[in-house]
Amino acid sequence: MNASPTPAPARRRLVLIDGSSYLYRAFHALPPLSNEAGEPTGALFGVVNMLRATLNEKPDYVAFVVDAPGPTFRDEMYPQYKANRPPMPDDLRAQVQPMCEIVEALGITILRVPGVEADDVIGTLALRAARDGIDVTISTGDKDFAQLVRSGGDGGGGIALVNTMSGSRLDSEASVVEKFGVPPGRVVDLLALMGDAIDNIPGVDKCGPKTAAKWLNEYGSLDGVIAHADAVKGKIGDNLRAALPRLPLNRALVTINTEVALEQGPADLALRERHVEALRALYARYGFKQALRELDGGAAADAPAAAGDGRVSMRGTEAGHARGAAKPLDGLDPALAAPGEYETVLTREQLEAWVARLRQAGAFAFDTETDGLDPLQARLVGVSLAAEPGRAAYLPLGHDYPGAPAQLDLDAALAALRPLFADPGLRKIGQHGKFDLHVLRRHGVEVAGYADDTMLESFVYNATATRHDMDSLAKRYLGYDTVKYEQVAGKGAKQIAFSQVALEDATRYAAEDADVTLRLHRALGPKLAAEPALERVYREIEMPLVQVLERVEANGVMIDAEELRRQSADLNKRMLAAQQKATELAGRSFNLDSPKQVCALLYEELKLPALVKTPTGQPSANEEALEAIAELHELPRVILEYRGLAKLRSTYTDKLPEMINPHTGRVHTSYHQAGAATGRLASNDPNLQNIPIRTDDGRRIRQAFVAPPGRRIVSCDYSQIELRIMAHLSEDEGLLRAFESGADIHRATAAEVFGKAMDQVSANERRAAKAINFGLMYGMGAFGLARNLGIGRGEAQDYIALYFSRYPGVRDFMERTRQQARERGYVETVFGRRLYLENIHARNAGLRAGAERAAINAPMQGTAADIIKRAMVSIDAWLAERRERALMVLQVHDELVFEADADFVDELIAQATARMAAAAELRVPLVIDSGVGDNWDQAH
DNA sequence: CGAACGTCGTAC
DNA sequence: GACGTACGACGTTCGT
């Protein structure tokens with residue numbers, strides 16, 4: 001609570017596990033699994049997972065507490081105590097012993113105290129530890145323990161309650177009040193009134209948690225309720241008066257005894273070294289594969305490296321939050337953590353009130369709900385809106401199920417919203433809003449003033465976090481668990497369309513989306529604003545790009561499906577021939593698509609040498625491996641032939657025609673703006689950024705990317721943009737001069753490295769220089785270069801050394817970059833985009849080296865991404881008045897593809913190349929190559 | 001039977 | 001172990 005200037009030493013932590021509770025709950029919650037020997041394992045499995053989760057939190061002390069056989073003080077007090085509980089099922093009883101073995105092997109102390117119930121052991125230890133300043137977590141499924149919860153502070157530890165099966169957590173008085181309606185001190189009174197069927201304690205008939213809490217808040221305590229029992233009216237009042245005599249006993253029974261005499265104290269419960277071999281045997285016996293893997297591989301998992309020099313790495317702050325502090329997200333505005341109130345808008349009046357409220361607010365968050373995930377085909381089902389945290393509306397417009405309430409007319413409702421969305425002065429906030437922009441546009445609503453996108457805020461703030469979806473962001477930045485889509489619509493075969501979801505559930509889910517988006521923006525906006533460089537990347541590059549990408553996606557690209565079908569047929573013919581040949585050579589049939597079967601055939605049956613290994617150490621059947629043995633046998637070459645053909649057919653010629661949108665007749669990829677950590681876009685559904693070009697068979701596919709009659713395909717691409725950026729960043733004189741002169745850069749490099757005149761450079765020397773140029777940008781070493789060029793490692797090392805002696809600025813730049821990564825924990829692009837390197841201080845040398853390579857590559861790849869994004873925004877602005885004449889249809893990292901009227905091509909090329917070249921001011925010129933044709937292949 | 005993982009291969 | 005960033009097809013294994 002009280003923030004001290006220097007970080008306080010971490011509190012010691014004790015976890016008390018209610019073993020019996022977990023065993024029972026896991027047994028009933030999980031399906032009756034068994035291992036290969038037929039022994040039941042379901043409950044065991046649940047308990048083991050819970051234990052592993054518990055140990056991941058690295059507690060200092062742990063106890064696994066179970067009931068000892070024999071009567072306890074409660075039985076003496078109340079002979080019927082737990083009398084209606086059935087005997088333990090045999091299948092569960094069989095799991096008790098193995099469970100204890102696993103607990104022991106994990107290094108956890110098992111406590112079983114005769115004559116004392118597990119609850120009282122836990123209560124006693126919890127209180128003692130808290131008094132000693134230890135933070136206590138009680139892990140149980142039993143809500144009775146809520147009576148012990150307290151916040152830490154003033155030298156005392158806190159006592160928190162977690163239920164790992166439901167994921168719920170009570171860690172403060174306030175959270176208990178929120179859940180039960182009464183503070184921890186009144187929980188026993190509440191339980192006494194409610195009774196407990198499981199323990200055979202009858203409470204007040206028809207009195208549940210709500211009534212009990214109401215009475216307690218009215219009369220202060222159980223004694224107060226008893227004193228005023230006559231004042232309670234109605235049937236339930238009679239029930240209360242009938243139950244009066246037993247209420248004091250009830251309270252005694254549910255009160256956890258915290259003063260039991262115990263031999264052990266908290267200090268005796270220190271976690272011991274786990275017994276790996278014993279665990280391995282137990283896990284193997286019961287078939288716990290995941291636990292086994294963790295046992296074998298998990299030890300290598302490094303703790304995330306905190307960034308050096310006291311700068312706040314986002315990763316670092318997260319780790320800090322995660323460490324079980326009482327408030328999961330310190331420093332968060334409490335208004336952003338309060339529960340929300342959501343309204344279903346069904347009437348004209350409600351809608352008008354919301355329209356007024358949104359306009360009044362000057363900014364609002366919105367989200368659309370649809371009947372599908374393809375933004376170019378989905379139909380609108382509803383819209384949600386929020387203008388202040390905690391208050392949101394869901395406007396259902398297409399829910400259709402038996403008994404669905406009447407909803408506002410779609411067109412009328414959109415007509416009411418249209419002026420809001422069209423007003424550029426009214427700021428709109430979304431999460432992955434490109435999707436919603438598509439949907440709204442297709443329903444006749446144009447959006448202006450799309451000002452903030454929380455996905456992009458998160459991406460620019462820390463691109464390293466791989467997920468930027470709303471659920472993850474809410475968890476990460478608000479400590480908030482959202483309602484999941486599956487929770488309202490089901491999953492798998494049982495999933496229903498959102499239009500079938502009951503309005504109540506739909507509102508809970510959809511309105512929350514808008515609410516959480518707004519809250520996230522309130523949380524992330526200031527974080528971003530505190531970093532001016534990042535704020536600029538977000539404002540000046542990413543946000544303007546959203547609408548541009550939306551247009552590029554909506555434009556789509558025309559595909560000649562007939563051409564692809566012809567190619568598929570041709571590929572198919574050749575695949576069959578290759579397959580027949582392979583069967584002949586192998587002497588039997590096998591699945592050419594299965595690396596496993598290929599390996600078995602080549603290395604075991606045919607005894608060919610396995611020269612290449614996969615990253616997991618197994619013999620590989622990849623191209624390199626097959627090439628290596630192609631001299632020894634005909635079969636590898638045939639497999640390679642087959643593979644090349646199969647790849648083209650399955651990934652491209654068969655797939656692309658399937659992806660044609662029936663409404664537009666074109667293919668619309670989706671660009672993922674927060675896809676690549678370096679800032680590059682990623683393309684999917686389908687991926688149009690990896691259409692083949694290097695081989696003739698592959699390149700033919702580009703002939704199917706066409707323009708309609710009277711139009712042409714125009715391609716403009718940056719020439720050697722990443723190398724130019726390397727020249728800019730390194731300020732290496734030789735490299736700068738080479739680009740200044742406009743020479744062929746690989747030839748110039750070869751001339752420098754091999755000490756020749758430009759026109760004396762051989763094809764082979766140029767090839768080597770090109771490999772060096774590219775390899776360096778990826779952080780490649782001598783080994784990689786040697787493999788790439790098929791030369792010796794020593795020779796490759798000589799080339800690299802020679803290169804660095806000719807281009808010393810490049811060497812210095814690379815060293816500077818590595819150093820910056822180590823010191824600050826991140827590297828940045830020319831425009832200030834940052835990439836944090838998680839593993840830059842990893843103890844594992846492989847991970848660390850990988851992070852260093854990424855650090856070297858990211859400024860170049862990322863700057864190139866920034867530049868083309870800026871160019872896209874600029875070109876799109878110019879095209880705004882000329883959309884009939886030309887469309888931007890594809891982006892492939894350093895290339896933009898357009899479709900244009902034949903008589904507009906020259907003007908387009910002039911503008912596009914000029915704007916691409918002007919997208920950055922570097923120390924070298926940006927050069928753009930362009931081409932025109934009837935298809936993408938010709939345009940290159 | 002679907003999810004997750006491993007392997008392979010395409011692009012820049 | 002050894003070249004950065006992606007997506008996706010296919011086979012296989014896992015877990016429900």
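Lettering of chains follows the sequences in order, A, B, ..., and the numbering in each one begins at 1.
There is a side-chain donor-acceptor pair under 3.5 Å between E563(A) and Q567(A). No hydrogens or angles considered: nothing links the side chains of Y283(A) and R285(A) as a donor-acceptor pair under 3.5 Å.
Between E623(A) atom CD and dC3(C) atom C1' the separation is 16 Å, expressed in whole Å. Distance, Y652(A) OH to dT10(B) P: 7 Å, rounded to whole Å.
Judged by distance alone, the side chain of T749(A) and the main-chain N or O of A769(A) form no donor-acceptor pair under 3.5 Å. For E553(A) (side chain) and S670(A) (main-chain N/O), no donor-acceptor pair under 3.5 Å exists by modelled atom type.
Across all strands, A865(A) comes closer than 4.0 Å to no nucleic acid atom at all (heavy-atom distances). Residue contacts for R699(A): at a heavy-atom cut-off of 4.0 Å it reaches no nucleic acid atom on any strand shown. No engagement by I856(A) is indicated, since no non-hydrogen atom pair under 4.0 Å with the nucleic acid exists. Residue contacts shown for G781(A) are limited to sugar-phosphate atoms, with no base heavy atom under 4.0 Å away.
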I'd like a table of donor-acceptor pairs (distance under 3.5 Å, sequence neighbours excluded) in which one partner is a side-chain atom from residues 849-857 of chain A, with atom names and distances.
| residue | atom | partner | partner atom | Å |
| --- | --- | --- | --- | --- |
| E852(A) | OE2 | R822(A) | NH1 | 3.3 |
| N857(A) | OD1 | Q861(A) | NE2 | 3.0 |
| N857(A) | ND2 | M777(A) | O | 3.0 |

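Regarding contacts with the backbone of dA2(C), every side-chain N or O of R787(A) stays at 4.0 angstrom or more from both OP1 and OP2. In terms of phosphate contacts, R694(A) brings no side-chain nitrogen or oxygen within less than 4.0 Å of OP1 or OP2 of dG9(B).
For Y286(A) and F45(A), the gap between ring centers reaches or exceeds 6.0 Å.
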Quiz prompt | Reading 5' to 3' through nucleotides 4-13 of chain C, protein heavy-atom contacts under 4.0 Å coded B for base, S for sugar-phosphate only, - for none | solution = BBSBBSSSSS

Self-check item: Per-nucleotide pairing state of DNA chain C [Watson-Crick or G-U, under 3.5 Å; [ ] pseudoknot-crossing; | other strand]
Solution: ...||||||||||||.

